[in-house]
Protein chains: 2
Amino acid sequence: MPSQPTATPPPQLTTVDALAQTAFLIQGTLERRAAADHGFSLVQTRLLGVLRDRQPTINGLARLLGLDKSSVSGLVDRAQRRGLVTRTPSTADRRSVLVSLTPEGRALATEVAGRFAADVATILGPLTPSERATLTGLLSRVLVAHAAAHGVDLLATTDH
Amino acid sequence: MPSQPTATPPPQLTTVDALAQTAFLIQGTLERRAAADHGFSLVQTRLLGVLRDRQPTINGLARLLGLDKSSVSGLVDRAQRRGLVTRTPSTADRRSVLVSLTPEGRALATEVAGRFAADVATILGPLTPSERATLTGLLSRVLVAHAAAHGVDLLATTDH
DNA sequence: TATTGTTATACTCTATAACTATA
DNA sequence: TATAGTTATAGAGTATAACAATA
């Protein structure tokens with residue numbers, strides 16, 4: 001188990017602990033940002049995020065979010081009730097529905113994204129621009145390699 | 001909103017996206033590891049994690065986990081029902097109870113921690129040892145600075 | 001009076017299983 | 001037959017408010 005993200009880190013962090021604590025810090029920051037600004041949960045925020053550049057079906061969303069289709073159905077229900085997303089019947093396959101952002105949903109998603117980016121910038125304040133670039137480069141290589149290794153999962157960008 | 005962690009990353013990731021996707025990747029890895037091995041949720045896993053070197057009260061746990069005391073009460077209920085933790089009345093303050101791991105809870109926490117560390121090592125495989133050290137150093141500085149800035153929160157290591 | 005923990009209540013989130021409409 | 005989506009159901013997880021016991 002990684003140590004708690006919130007406890008004062010020891011002088012020497014292991015790589016595992018540093019990554020785990022960073023994960024909790026960043027995800028917690030996104031969660032608090034979305035909740036404080038608009039009362040969004042982390043999952044609702046992820047939903048808005050994936051819909052920014054896609055109009056997937058319920059099944060497509062389930063794959064993108066790693067959830068069961070029934071979970072997504074309820075998730076979309078609640079977002080729809082708040083006026084954030086809409087369901088439109090698919091003309092290609094009359095069993096399917098396409099989920100997309102409403103203008104309000106898009107505006108709020110953009111706002112949360114901007115504020116979150118500012119939060120992250122603050123968190124990274126202690127690093128010089130050069131160090132931030134180094135960090136970004138290292139993480140990018142890890143992410144690219146991981147996506148390639150598990151690429152089977154989610155290349156479904158054009159989903160319907 | 002950060003891009004999805006699972007989608008194939010673009011050639012050039014922004015710093016915010018790299019951090020957000022890394023956070024989802026690492027936290028998702030821990031969640032899947034704990035669920036696959038023992039059916040633990042992420043929160044239950046965090047609970048076991050903080051109890052590895054503490055015997056806090058319910059209130060102390062609430063501060064450590066960032067939850068309401070009533071949430072922690074239920075959380076401990078469910079862990080206790082599974083034989084992972086115990087409640088013992090505090091002698092110092094008879095309103096309080098001290099939560100601690102059972103031997104079985106400790107064994108499972110240790111096992112999950114070990115497997116998670118192996119998962120992280122695999123994920124970081126693309127980096128050289130030197131690069132991993134650089135990454136750890138940069139993240140540690142960020143975490144230390146953040147803990148110092150918000151240190152008011154949770155230095156409650158000895159909690160009772 | 002203030003604090004600790006529990007309980008009642010309500011909501012979100014999640015999965016499984018059963019169902020319908022369509023393919 | 002198989003797939004897309006919904007619904008019923010059950011459970012974890014969370015917070016707020018009210019409460020009993022203790023400080």
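Chain letters run A, B, ... following the sequence lines, proteins first and then strands; every chain starts at 1.
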Next on the checklist: Considering every strand and a 4.0 Å limit on heavy-atom distances, what is the contact class for A/S96: base, sugar-phosphate, or nothing?
Outcome noted: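 Here A/S96 touches the backbone only, sparing every base.
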
Checklist entry - Just checking B/V97: base, sugar-phosphate only, or nothing, at a heavy-atom cut-off of under 4.0 Å? => result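 Sugar-phosphate contact only - B/V97 comes under 4.0 Å of backbone atoms but never of a base.
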
Over how many whole Å does the gap from [X] atom [atom1] to [N] atom [atom2] extend?
X     : N      : atom1 : atom2 : result
A/L65 : C/dA15 : CG    : C1'   : 15 Å
A/D77 : D/dT6  : CG    : C1'   : 8 Å
B/F40 : D/dG11 : CZ    : P     : 19 Å
A/I58 : C/dT22 : CD1   : P     : 17 Å
A/L75 : C/dA15 : CG    : C1'   : 14 Å
A/L42 : C/dC11 : CG    : C1'   : 17 Å
B/R82 : D/dA12 : CZ    : C1'   : 11 Å
A/R78 : C/dT14 : CZ    : P     : 8 Å

Next on the checklist: Side chain of B/S41, heavy atoms from C-beta onward: which of D/dG13, D/dT6, C/dT12 has the nearest atom to it?
Outcome noted: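 Nearest to the side chain of B/S41 among the choices is D/dG13.
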
Should [X] be listed as having a side-chain N or O under 4.0 Å from OP1 or OP2 of [N]?
X     : N     : result
B/N59 : C/dT3 : no
B/R87 : C/dT6 : yes
A/T57 : D/dA4 : no

Next on the checklist: Check this for me, if you would: do A/E104 and A/R82 make a salt bridge, where the nitrogen-to-carboxylate-oxygen distance has to be below 4.0 angstrom?
Outcome noted: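 A salt bridge is absent here (no side-chain N lies under 4.0 Å from a carboxylate O).
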
Checklist entry - Do the charged groups of B/D37 and B/R33 touch, with an N to O distance under 4.0 Å? => result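 B/R33 and B/D37: salt-bridged.
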
Item to check | Any residue meeting salt bridge (Lys or Arg N to Asp or Glu O under 4.0 Å) with B/R32, in chain and number order, not counting sequence neighbours | outcome: none

Next on the checklist: Regarding B/N59 and B/T57, do their side chains bring together a donor and an acceptor under 3.5 Å, going by distance alone?
Outcome noted: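 No, because no side-chain N or O of B/N59 sits under 3.5 Å from a partner of the opposite role on B/T57.
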
Checklist entry - Any side-chain heavy-atom pair from A/L138 and B/T134 closer than 4.5 angstrom? => result yes

Checklist entry - Mind checking whether B/L25 and B/I123 have side chains closer than 4.5 Å, heavy atoms only? => result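 When only atoms from C-beta onward are counted, B/I123 and B/L25 do touch, with a gap below 4.5 Å.
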
Would you list the protein and nucleotides 17-23 of chain D atom pairs, both N or O, that sit under 3.5 Å from each other?
| residue | atom | partner | partner atom | Å |
| --- | --- | --- | --- | --- |
| D/dA23 | OP1 | B/R94 | N | 3.0 |

Checklist entry - Is the side chain of A/R132 donor-acceptor paired with the backbone N or O of B/T15 at a distance under 3.5 Å, no angle test? => result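 Answer holds: no.
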
